[in-house]
Number of protein chains: 2
Amino acid sequence: MMTHNTTAEDMIRHHGGRATVGRIGILAILLAEQHAITHREIEQQLSETLPLDRVTLYRTLEWLVEKNLIHKVSSGDRVWRYHVNREMHTHQHAHFKCTRCAQVICLDDLPEKRNWQLPTGYRLQEIELTFKGLCAACC
Amino acid sequence: MMTHNTTAEDMIRHHGGRATVGRIGILAILLAEQHAITHREIEQQLSETLPLDRVTLYRTLEWLVEKNLIHKVSSGDRVWRYHVNREMHTHQHAHFKCTRCAQVICLDDLPEKRNWQLPTGYRLQEIELTFKGLCAACC
DNA sequence: ACAATAATTGCAACATTGTTGCATTTGATA
DNA sequence: TATCAAATGCAACAATGTTGCAATTATTGT
């Protein structure tokens, strides 16, 4: 956790933001996490050590996304999940969501854009691909 | 619209449900629609001709999805969109969402399931694929 | 170390989307 | 046409997210 805190602080300073307790704590939680987690889950983890206003959490997550330090995943249940941008996440990738435990993990690749034919006049910007099923623990 | 109303009524009766004014009206709206539309958009169309309680609309849409007469699309903005199940929609398919006007359309295919390697122990049930970009009107 | 200042935070209030319980109304059927 | 389960409307609630504004805090220059 110590390591994550210092890593988090470094990441934040490198992007010209103030290294506040909240930002560091939130980013550290995401750094420690394997999976994409929800606002709610982050809030629960924070409440144990560093109670923070709901609104501040929303705004901080927004800021971290803007600065490209984390990314948002939309997994079909109207709830955003957040995950640190490690190297593999700088390019687009797919996600897997377990239909039993709702856990989300990041996968490696996306299909080639050029293999997909859109109606004429349409311009493709981004692909969002989510696999759903059972994870190893829930199978 | 006459045609859509009778079609809607037929579809509902074939599935052993009561052909109520609300169900017929809602399904007729969806039959007339090219794109997947939101609860809100349906509500607005209804308000002009057939004011219906918000809750009834939610429950009717749920019922139509259960009966497989329509399907739900989740397009990353926490809002469900609904679209009639025409033949091509009985199997899974992808969607396109315009990032400017938020309109959603249905595309034809999905990538082959077997081309995708999940971590061991994971079981794939469903693929959700959304393309984002600009539609012809917004380009 | 300290004051100044701009960025960040907390609070209260609101907005949107969706759900639940229960009494009332309505469509299908005998 | 009477009956009765199914469908609806209403009120209240829940979850997630947003906005305005005053108070606090991190950084910077001295």
Side-chain angles (χ1 to χ4, degrees), chain A residues 5-6 8-29 36-47 49-67 69-70 72-82 102 104, chain B residues 5-6 8-29 36-47 49-67 69-70 72-82 102 104:
Chain A
N5 267 292
T6 48
E9 187 168 346
D10 281 357
M11 290 171 72
I12 292 165
R13 289 195 192 281
H14 273 108
H15 283 264
R18 281 202 197 167
T20 65
V21 193
R23 278 183 187 168
I24 295 171
I26 291 168
L27 188 48
I29 286 175
I37 58 177
T38 62
H39 173 278
R40 170 63 63 106
E41 288 166 326
I42 299 170
E43 196 174 20
Q44 276 162 359
Q45 288 199 40
L46 279 174
S47 70
T49 55
L50 178 74
L52 211 60
D53 193 78
R54 257 161 33 80
V55 177
T56 303
L57 179 47
Y58 277 116
R59 291 200 268 228
T60 301
L61 288 170
E62 200 180 11
W63 186 86
L64 290 169
V65 169
E66 262 171 28
K67 295 302 177 189
L69 296 176
I70 66 177
K72 251 183 182 178
V73 184
S74 108
S75 42
D77 58 357
R78 320 194 314 111
V79 180
W80 296 113
R81 279 155 220 275
Y82 299 87
V104 175
Chain B
N5 267 293
T6 49
E9 186 167 346
D10 282 356
M11 291 172 71
I12 292 165
R13 290 196 193 279
H14 272 109
H15 283 265
R18 280 202 197 165
T20 64
V21 193
R23 278 183 186 166
I24 295 171
I26 291 169
L27 188 48
I29 285 174
I37 58 177
T38 63
H39 174 278
R40 170 63 65 106
E41 288 166 325
I42 299 170
E43 198 176 18
Q44 276 163 359
Q45 287 200 41
L46 279 175
S47 70
T49 55
L50 178 73
L52 212 57
D53 194 77
R54 256 162 33 83
V55 178
T56 302
L57 179 47
Y58 277 116
R59 292 201 267 229
T60 301
L61 289 170
E62 201 179 9
W63 185 88
L64 291 169
V65 169
E66 264 172 28
K67 296 301 178 190
L69 296 176
I70 66 176
K72 251 182 181 178
V73 185
S74 108
S75 43
D77 59 358
R78 318 196 314 111
V79 180
W80 294 114
R81 277 157 221 274
Y82 300 87
V104 174

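Per chain, numbering begins at 1; letters A, B, ... match sequence-line order. Computation of the quantities below employed the complete heavy-atom set of this structure, encompassing side-chain atoms and omitting hydrogens, waters and symmetry-equivalent molecules.
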request  = Whole angstrom is fine here: how far is it from CG in B:Leu50 over to P in D:dT8?
outcome  = 10 Å
remark   = Residues B:Ala19 and B:Ile24: closest non-hydrogen pair is O-CD1, 3.8 Å
query = Among the nucleotides D:dA12, D:dG9, D:dG17, which one has an atom lying closest to any side-chain atom of B:Leu52?
reply = D:dG9
request  = Under 4.0 Å between any heavy atoms, over every strand shown, what does A:Arg59 touch: base, sugar-phosphate, or nothing? Just pick one.
outcome  = base
Value rounded to 0.5 Å, distance of CE in B:Met11 from OG1 in B:Thr6 = 11.5 Å
task = Quickly work out the B:Arg78 CZ to D:dT16 P distance and round it to whole Å.
result = 9 Å
remark   = Here the distance between atom C1' of D:dC21 and atom CG of A:Asp53, to the nearest Å, is 14 Å
key: Side chain proximity check, A:Ile70 to A:Ile26, heavy atoms < 4.5 angstrom   = no
task = Hey, which sits more toward the 5' end of DNA chain C by its nearest nucleotide, A:Arg54 or A:Thr60?
result = A:Thr60
message = Using every non-hydrogen atom in the two residues, find where B:Arg81 and B:Ala102 come nearest and quote the distance to one decimal.
response = NH1-O, 3.0 Å
task = Five pairs at each end of the helix from C:dA1-D:dT30 to C:dA30-D:dT1: take the axis at both ends and give me the angle between them to 10°.
result = 30°
query = In whole Å, what is the span from the OH atom of A:Tyr82 to the C1' atom of D:dT16?
reply = 10 Å
ask   = What integer distance in Å separates B:Leu61:CG from D:dT8:C1'?
value = 14 Å
remark   = chain B vs DNA chain C, heavy-atom contacts under 4.0 Å, first-to-last nucleotide span, 5' to 3', is C:dT17 to C:dA28
request  = Name every residue in residues 38-45 of chain B that has at least one heavy atom under 4.0 Å from any atom of DNA chain D, in order of residue number, or write none if there are no such residues.
outcome  = none
ask   = To the nearest 0.5 Å, how far apart are CZ in B:Arg40 and CD in B:Glu43?
value = 6.0 Å
request  = Could you pull out all residues at least two apart from A:Ser74 that satisfy side chain to side chain contact (heavy atoms under 4.5 Å, CB included)?
outcome  = A:Trp80, A:Glu128
query = Can you name the side chain to side chain contact (heavy atoms under 4.5 Å, CB included) partners of A:Val79, sequence neighbours left out?
reply = A:Thr38, A:Asp77
Show me, pair by pair, the donor-acceptor contacts under 3.5 angstrom made by side chains of residues 52-61 of chain A, not counting sequence neighbours?
| unit_1 | atom_1 | unit_2 | atom_2 | d |
| --- | --- | --- | --- | --- |
| A:Asp53 | OD2 | A:Val55 | N | 2.9 |
| A:Thr60 | OG1 | A:Thr56 | O | 2.7 |

task = Mind checking the NZ-OH spacing from B:Lys72 to B:Tyr82? Nearest 0.5 Å is all I need.
result = 5.0 Å
note = Between A:Ala28 and A:Ala8 the two heavy atoms that sit nearest each other are N-CB, 3.9 Å
message = Any residue in residues 10-20 of chain A with a heavy atom nearer than 4.0 angstrom to DNA chain C? Just list them by number, or reply none.
response = A:Arg18, A:Thr20
ask   = What residues form a side chain to side chain donor-acceptor pair (under 3.5 Å) with B:Gln45, not counting sequence neighbours?
value = B:Glu33
ask   = What is the distance, rounded to the nearest whole Å, between atom CH2 of B:Trp63 and atom C1' of D:dT8?
value = 14 Å
ask   = Which salt bridge (charged side-chain N to carboxylate O under 4.0 Å, His left out) pairs, counting each pair once, include a residue from residues 11-27 of chain B, with sequence neighbours left out?
value = B:Glu9-B:Arg13
request  = Would you please name every residue forming a side chain to side chain contact (heavy atoms under 4.5 Å, CB included) with B:Val21, sequence neighbours left out?
outcome  = B:Leu50
Nearest-0.5 Å distance, CD1 of residue B:Ile29 to CD of residue B:Glu41 = 11.0 Å
